[in-house]
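Structure, as structure tokens:
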Amino acid sequence: MTWRRRRIPVLIDGVRVQGEFATGLELVQAIEGGGEVVALEYGGELHDLSAPLGGVEKVRTVTAISEAGRSVLRHSAAHIMAQAVVDCFPGARYAIGPSTDDGFFYDFQLPGDERFDQEELAAIEDRMRAIIAERQPFARSEIGFAEAEELFAQQPYKLEIISRVRAAGGSEEDLREAGGSDRVSIYRNSERFADLCRGPHVPDTSYVRAVKLLRTSGAYWRGSEANSQLQRIYGTAFWSDEELEAHLLRLREAEQRDHRKLGAELDWFHFPPEVGGGLPVFHPKGAYVRYRMEEFSRKQHLAYGYQLAWTPHIAKAALFERSGHLGWYREGMFPPMEMEGSTYYPKPMNCPFHILIYESQPRSYRDLPIRLFEFGTVYRYERSGTLHGLARVRGLTQDDSHIFCTPEQLAEELARLLEFVLALLRAFGLEDFTAELATKPEKAVGSDSDWEFATAAARSALEKTGLDYAVAEGEGAFYAPKIDIHLTDAIGRRWQVSTLQIDLQLPQRFDLEFQSAENAKQRPFMIHRALFGSVERFLAILIEHYEGHLPAWLLDEQVRLLPVNDTSANYAAEVSSKLAAAGVRVAVSGAGEPLGARVRRAKIDRIPYLVVVGPQDIANGTVGLTRPRSPEERGVPLSAFLEEVTKAVQEPQLLLEAR
RNA sequence: GCCCGGGUAGCUCAGCCGGUAGAGCAGCUCACUCGUAAUGAGCAGGUCAGGGGUUCGAAUCCCCUCUCGGGCUCCA
């Protein structure tokens, strides 16, 4: 196909460029920094640089270091890996190989159902480098179904994809996916390797400068256990070695922050096999941190118009039948227990219990909103392979609350709630949040008008806070639109913490009502919400975010006093009792061991304030002070030290005006 | 649950081709009294995850179970 050369100017990233460009490649060669461009965006889609420009007048460049550019680069790296695997394992079948947030993967089925091992990974990586050095072009072409089926005759997974595209036929989306109603697109790197792919790709393999294969795992075809398990290889690729190194460093850092490792090192908790997977026991120091977290939270809730509730860990089957949990959440529940002819279940959620409190007496509009709060421990069956330290457990404590309000109050309650969530999270020193509004999924209960009403309330609450939020269309629970709060930690990882859900189902199932001002029976709205999410998971996030150096107010030991020698012991005791009198939690580590060893111990224990006192301090009325993650400072006057530390270890103040 | 990799002293780990177990740290005892990340010496510490099998002989090889870790979300 030939295209007429164009003389009219093209707008590149908003800048007018004059010239004759048949393809994107020619175009980017004409601009500064064009060598780092891996694809172009026009007509709302990404395109190969090699694609003919046709009548395009406006383009945006996609550079290798942009997020979209990285995805292109990594997707190309995935193809290179597949080619390398096919080279190393003739007869290997390749399934799918997308880019991911941090890299890419590709799934394979090896001849004789072989698995990859570590040395083979290195060999594949070497082979990839050879392919990269060959500068193989990523050549796109479009072929008919029949031709594609012939080309991929030995590739059953590709055939399956082709037949799906073929069957999908008419819909807009499928046409876009497949690049045409009667054709599919393929990329050919060399005579030896072609892959079915929508693209785009970098112009040739040499664009993939820095690549690293990371791990292998099993993965089901199309993610379903009903299908065969394939061998997946994860890798990552960057535009430069420096970027790759920085990424690998970040991975090592993340390992250092692993709350499971730090939890053991700090002696905060562990998971005894005797108790069972996903069931943590908290040791004194870890239990203390929990206690502080929970007490702080309780205090804030009480000041902010919540009432406490307390409910048991198990209940009869009838309650969960009525709530519907036995219908739609049965697989997430622990198995039942029989006693005195009744069947009991450990609770997977607290809501049914709070509803029983609501309906324990007739309610008037004057009573609403009713906000019930509880640290409720729930039990959920999580598959053994999904358990992960405190971040994914089978017994967890939610800082759970259910708010019952009138329809008129809903928007205001949500706005208040969001304000409260953010204030609470900020009190723990967390700052970087985003929100996600999840809307009605295809399979949902409740009327459209209720969904619209609830979703609009959620949206207006989000607008009010000014928080950045994304809308996840159709991602809501079947019974509720929800707002999820995500937080970005110190090394850029995203965690979901709080969740706010507007329940459209339970008030109906339990036939909840209140007496309105017009003396009519009306149904209340119900909001579920957890701010920490779960205490366990939130603690895990704090540990990883702070690398174990949690804010002092949460710790059972805020100051450790180290007398240099025994003659300093009395002075240390004096300083210690002054601190204790001021409400500071302090311990003394006497001169039984050399000072260096005791300092080391205190640092490993991550005690925020380290205080060394010796003869010079006795003479001058001073202390030697090491603040969190700071160098030591000698000769700090005792009074100044007391004032500073007493202030620094204080719990955060009340967050919001009480209501 | 499934795939892969582990499980040796409280912790971190060594232990080859099968010959019946070793280090550092932690612990205990004694000495040392010290100014910011390990003072020295001594002592004690093990059903090599559990069970079965092969073998003259198993931490080591084979099978089963338990348990821990990496994945199983990203759809050409």
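Note on naming: letters A, B, ... go to the chains in the order of the sequence lines (proteins, then strands), and numbering restarts at 1 for each one. As the structure is a computational prediction, the values presented were derived from the model and not from experiment.
Classification of the A:Tyr207-A:Trp239 ring pair by plane angle, with boundaries at 30° and 60°, yields tilted. Note: A:Phe116 and A:Phe89 have perpendicular aromatic rings, judged against thresholds of 30 and 60 degrees for the angle between ring planes. Taking the six-membered ring for Trp and thresholds of 30 and 60 degrees, A:Tyr187 and A:His201 have ring planes more than 60 degrees apart, a perpendicular arrangement. Between A:Tyr106 and A:Tyr94, the ring-plane angle classifies as perpendicular under the 30° and 60° cut-offs.
Positionally, the nearest nucleotide of RNA chain B for A:Leu230 lies more toward the 5' end than for the other of A:Val623 and A:Leu230. Between A:Val599 and A:Asn565, the one whose closest nucleotide on RNA chain B sits nearer the 5' end is A:Asn565.
Looking at residues two or more places apart in sequence or on another chain, you find a ring pair (Phe, Tyr, Trp, His ring centres under 6.0 Å) between A:Tyr234 and A:Phe105. By the salt bridge (Lys or Arg N to Asp or Glu O under 4.0 Å) test, A:Arg606 is found to be paired with A:Glu265, residues two or more places apart in sequence or in another chain being considered.
As judged by a 4.0 angstrom heavy-atom cut-off over every strand, A:Gln616 is placed among the base-contacting residues. Nucleic acid contact class of A:Asp195 (heavy atoms, under 4.0 Å, all strands): none.
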Are any protein N/O atoms closer than 3.5 Å to N/O atoms in nucleotides 11-14 of chain B? If there are, list each pair with its distance.
none

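Against RNA chain B, the stretch residues 608-615 of chain A makes heavy-atom approaches under 4.0 Å through A:Leu610, A:Val612, A:Gly614, A:Pro615.
Judged purely by atom type and a 3.5 angstrom limit, A:Thr205 uses its side chain to pair as donor or acceptor with the backbone of A:Ile131. In this structure a side-chain-to-backbone donor-acceptor pair under 3.5 Å is present from A:Lys158 to A:Ala95. For A:Ser185 (side chain) and A:Ser141 (main-chain N/O), no donor-acceptor pair under 3.5 Å exists by modelled atom type. The main-chain N or O of A:His259 is found under 3.5 Å from a side-chain atom of A:Glu544 such that the two form a donor-acceptor pair. Using a distance-only test at 3.5 Å, with no hydrogens or angles considered, a donor-acceptor pair links the side chain of A:Arg598 to the main chain of A:Ser589.
A 3.5 Å limit on both hydrogen-bonding distances identifies B:C11 as the Watson-Crick or G-U partner of B:G24.
A:Ser50 and A:Asp48 are not linked by any side-chain donor-acceptor pair at a separation below 3.5 angstrom, with hydrogens and angles left out of the test.
With a glycosidic angle no more than 90° from 0, B:C17 adopts the syn conformation.
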| said: Using side chain to side chain donor-acceptor pair (under 3.5 Å), reason through A:Glu160 and A:Trp221 one step at a time and then give a plain yes or no. | reply: CA-CA 11 Å; A:Glu160 189 177 324; A:Trp221 170 236; 3.0 Å; yes

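Note: CZ (A:Arg634) to P (B:G35) measures 9 Å, nearest angstrom. A:Leu562 places its CG atom 14 Å from the C1' atom of B:U33, with the value rounded to the nearest Å. Atom CZ in A:Phe193 sits about 11 Å away from atom C1' in B:A76, given to the nearest Å.
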| What string of B, S and - do you get for nucleotides 38-45 of chain B 5' to 3' if you count protein non-hydrogen atoms under 4.0 Å? | BB------

| Which letters describe nucleotides 64-73 of chain B, given B = protein heavy atom under 4.0 Å from base, S = only from sugar-phosphate, - = neither? | ----SSBBBS

